[in-house]
Structure formats: structure tokens, C-alpha cells
Amino acid sequence: MTSNQTHIIVGASLAGAKAAETLRQEGFDGRIVLIGAEEERPYERPPLSKDYLRGEVGREKVYVHDEGFYAEHDIELRLGRTAESLDTSSSELQLDDAERLRYDRLLLTTGAEPRRLPIPGAELDGVMYLRSVQDSDTLRARLDDGGAVVVVGAGWIGAEVAASARQRGLEVTVIEPASVPLERVMGAEVGAIYRDIHTDHGVQMLLGTGVEAFVGDKAVERVRTSDGRELECAFVVVGVGVQPRIGLAVRAGIAVDNGVLVDEHLQTSVPGVFAAGDVGNAYHPFYEDRIRVEHWANALNQGPAAARNMLDQSVAYERLPYFFSDQYEVGMEYTGFARDWDRVVFRGDPATREFVAFWLVEDRVVAGMNVNVWDVIDPIKRLIGERVTVDDRRLADPDVSLEELAHVDGGTVA
Ligand SMILES: Cc1cc2nc3c(=O)[nH]c(=O)nc-3n(C[C@H](O)[C@H](O)[C@H](O)COP(=O)(O)OP(=O)(O)OC[C@H]3O[C@@H](n4cnc5c(N)ncnc54)[C@H](O)[C@@H]3O)c2cc1C
């Protein structure tokens, strides 16, 4: 009998909401409490830098579930409430209004928050970050006003905001210390393709330079770069990465290292306490290592996997990392995980912006990115997941199907 048990989820975003849904789907008939610091019911963040930011879709499009879903499934959704402390010896969670809740299982889906730039002028009005739907609303109003925007950082958020701002007709300058955008994930060769996509759309790319200060009276008026330039601007968007929200776990004595450490069953160092989504640094059986993935699909799938483990189903989380990005008319999907690689092989001409890039270690694919090419995820997953030996020339040859290379026999890979 589970009906007298209480399962608590801290963090009411994608991972948390999908975990709550799964607990019910799997037949858990006890109490579910989903606690979220934001006032908004759980929503998805990818549109916040894309169509939602540009005003092309409304608020209803971003929510994970309909408004009535939580009540219909008897999920106690506590919004605008922060979990302050966790006592794992008495299995009690304390909220910001001093309410104490006892739990049988607890899931941390506290996500991540933007890294702040600790430089002079950081507190000026008009220096903005993008994580929440309110941030996106504020930024959208700035886009409506037009003018010149400086985007600091050419990672995913910076690149997508730059694209959306250009699509809305603003003057955009991107400042990035690396030599190309997205260099950390993709390397110089593929990053250069994204640099060209942005410059072709009229973005000024200042690469190989950092930001020294934001200058202005009350609001930011100029950005000073480390190579001595001063750029006039109406506002600034900073996208220099995120850090996992681990405060609650640290205070509770749960092991952390670049996120909350969890095993392949998403269990933390404390039995009965789990973590999933951006906050979790999870042991991945395929990579035989811990990886922390800051992407939508990971939150979407780890939440349900954690929920099943809260119900003692012992499910190992083994999905290959996957993410997507849309910039202008260029859509892409990236599968796998490459820390190092020997070379990149292209199938199709990158100049046409319709191609697949493969990152290889020796004769095996470790990651693949399809750009404006669709329905190739299954063979790419199989190439990576089954460690298929490949020949570079055949991999690059569009006349050899990926299915054939991956020996796909009609099945799919998780
Ligand atoms: C603008 C933007 C665009 C993105 N675009 C893409 C994309 O194109 N593709 C892609 O793959 N990924 C994208 N992502 C990443 C993706 O959105 C994240 O990976 C995903 O949101 C992670 O979900 P999560 O549930 O783990 O955590 P989060 O979404 O970070 O949510 C955590 C929640 O927990 C709450 N919380 C934290 N601590 C407490 C506490 N103590 N008590 C109560 N509540 C608490 C927070 O307020 C927050 O609501 C994007 C992210 C952003 C911000």
C-alpha cells in the first residue's frame, strides 16, 4: 500500500512536473507535493529565447500541462514557495514559511541559474539575464523598443537571443572570448559555421575578446571590451552559462560536485532522495562516467526515470544526451556527447546549411549534429550507442544511407 506515503518534488519545472505526472501514471496513490519557487505553473524554457521571445506564440504554448492537470491528478502544486532546508535523518523538508513536510521519497529538480558576471556596472539597469518567463517578457519589451543590443557570450542562449533580436530588426553585437561561437561543445570548425550564419544575418561578432565593464549612469549605456572598445547600447543580455542550484542539497549534507551527485538510478548519496534534470550530475552507464546535461530532453526524460526509481522500479537512466537549437532558419539536433575528438566528418556541404556533422574518436562516432536535415536521429543514435565502426568516406557520402551504416533493422534506440 502506497496510499499513506508522501513523495515530495522540489522544483516545479519540466523535470519536476514530468516526475509528478509519472508517479501518478505508475499508479502511486499517495500524496504528491510539487514545490516551486516561481509563481508560474511548470513551463518549458526553450521557447523563451525563440518564438515566445519574439512574440510569435503566447504564454499558453509554454506550459508543461493544462491548468487543471495538477488538481485533476491530485498533485499538490505549491507555487511561490521555496524549500529552505532538508533534514534527511528525520525525512523532513522545511519551506520558507516554516511549514514542515514529512516525506517518504524526495526528488530534487531545482535546476540551474545563470552565472553572473562580476564586473563593474553589473548592477546597472538594462543588464539582463534570461532564465524565467518573466525574464523573457522583460526582454521582449526591450526588443519592442528596438535599438542596439550587446549580447555577452556566444553559447546557446547568447546565440539564440542574438538571432531573435536580429529577426526583430535590432542592431546586434555579440562579444565572446573564444575564437568562434559554441566552441566548447562543437569545436572551432563547426563553431565557425555558426559564426558565419550570424554574420550573414548582420550580427557583429567580436570574437576573442571579453567584457571589462558596463558603463552608464543608472542604466547601461556602453559596454567596455577587454581589447579597449566602447560599444553604445540600449541594453545588454548576458549568457555566460549556468550553474546548478545545489544550495538545499549542500545544506542537507548531500554529496555534490558540479551538481548533485547521483548514480544511474538518479539516487543521491542519501537513500530515498533523488535528483534529476539540470541539477543532477548523473553516472551514465554508457560513458562510464558522470555527466551533467543542461538540456530540455534530459529534464523531460530524467524526471520520469527518477519517479520510477522513487517507486523502487530500479530503472537505470541510459539515454544518450540530445538537444536542439533554432537560430534564424537554421534548426539543428545534436546527439551524443563529445569531450574530445580526433576529427569532424561532414555529410553534405556546410555552406548550404543542410548537413550532418559527426565527431569521431578513432573509427567511431561519439556525437552527431543534423542541421536542417531531419529524421536521422535513430541511425545517429545507433552509430553512437552501438559503437559502430565507420569509414570516413562512407560516412561523408550522402549516397550511402545512414541506416545502412548503422545497420538499422527497423528498431529504435533509447
Ligand atoms: C532561454 C532558454 C532556452 C533554452 N533552450 C533550449 C533548447 O533550445 N534546447 C534544449 O535542449 N534546452 C534548452 N534550454 C535548457 C532547458 O530549458 C533546461 O535544460 C530545462 O529547463 C531544465 O529543467 P529542470 O526542470 O531540470 O530545471 P529548471 O528549468 O531550471 O527548473 C528548476 C525549478 O526549480 C525551482 N527551484 C529551485 N530551487 C528551489 C527551491 N529550493 N524550492 C522551490 N523551488 C526551487 C526553480 O525556481 C525552477 O523553477 C533552454 C533554457 C533556457 C533558459
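Counting starts at 1 for both ligands and their atoms, following the listed order. Heavy-atom basis, side chains included; hydrogens, waters and symmetry copies ignored.
- Under the 4.0 angstrom criterion for non-hydrogen atoms, Glu84 is not in contact with ligand 1.
- The aromatic ring centres of Tyr322 and Trp296 sit 6.0 Å or more apart.
- The distance from ligand 1 to the heavy atoms of Thr110 drops below 4.0 Å at these ligand atoms: 32 (C), 34 (O), 37 (C), 38 (N), 39 (C).
- Within the cation-pi definition used here (under 6.0 Å to the ring centroid, within 45° of the axis), Arg41 does not qualify as a partner of Tyr70.
- A distance below 6.0 Å separates the ring centres of Phe323 and Tyr334.
- Taking a cut-off of under 4.0 Å to the non-hydrogen atoms of Glu294, the atoms of ligand 1 that pass are 15 (C), 19 (O).
- Among Trp296, Tyr129, Phe324, the residue whose heavy atom lies closest to atom 9 (N) of ligand 1 is Phe324.
- When only non-hydrogen protein atoms are considered, atom 26 (O) of ligand 1 lies nearest to Asp278 N, 2.9 Å.
- The line from CG of Asp145 to CZ of Arg142 is 7.5 Å long, rounded to the nearest 0.5 Å.
- The closest approach between any non-hydrogen atom of Glu44 and ligand 1 is not below 4.0 Å.
- Of the protein's non-hydrogen atoms, the one nearest atom 2 (C) of ligand 1 is Ile157 CD1, 3.2 Å.
- When Ser136, Pro46, Gly11 are ranked by how near their heavy atoms come to atom 4 (C) of ligand 1, first place goes to Pro46.
- Glu160 counts as a contact of ligand 1, since one of its heavy atoms falls under 4.0 Å from the ligand.
- For the pair Arg387 and Phe286, the cation-pi test (distance below 6.0 Å, angle within 45°) is passed.
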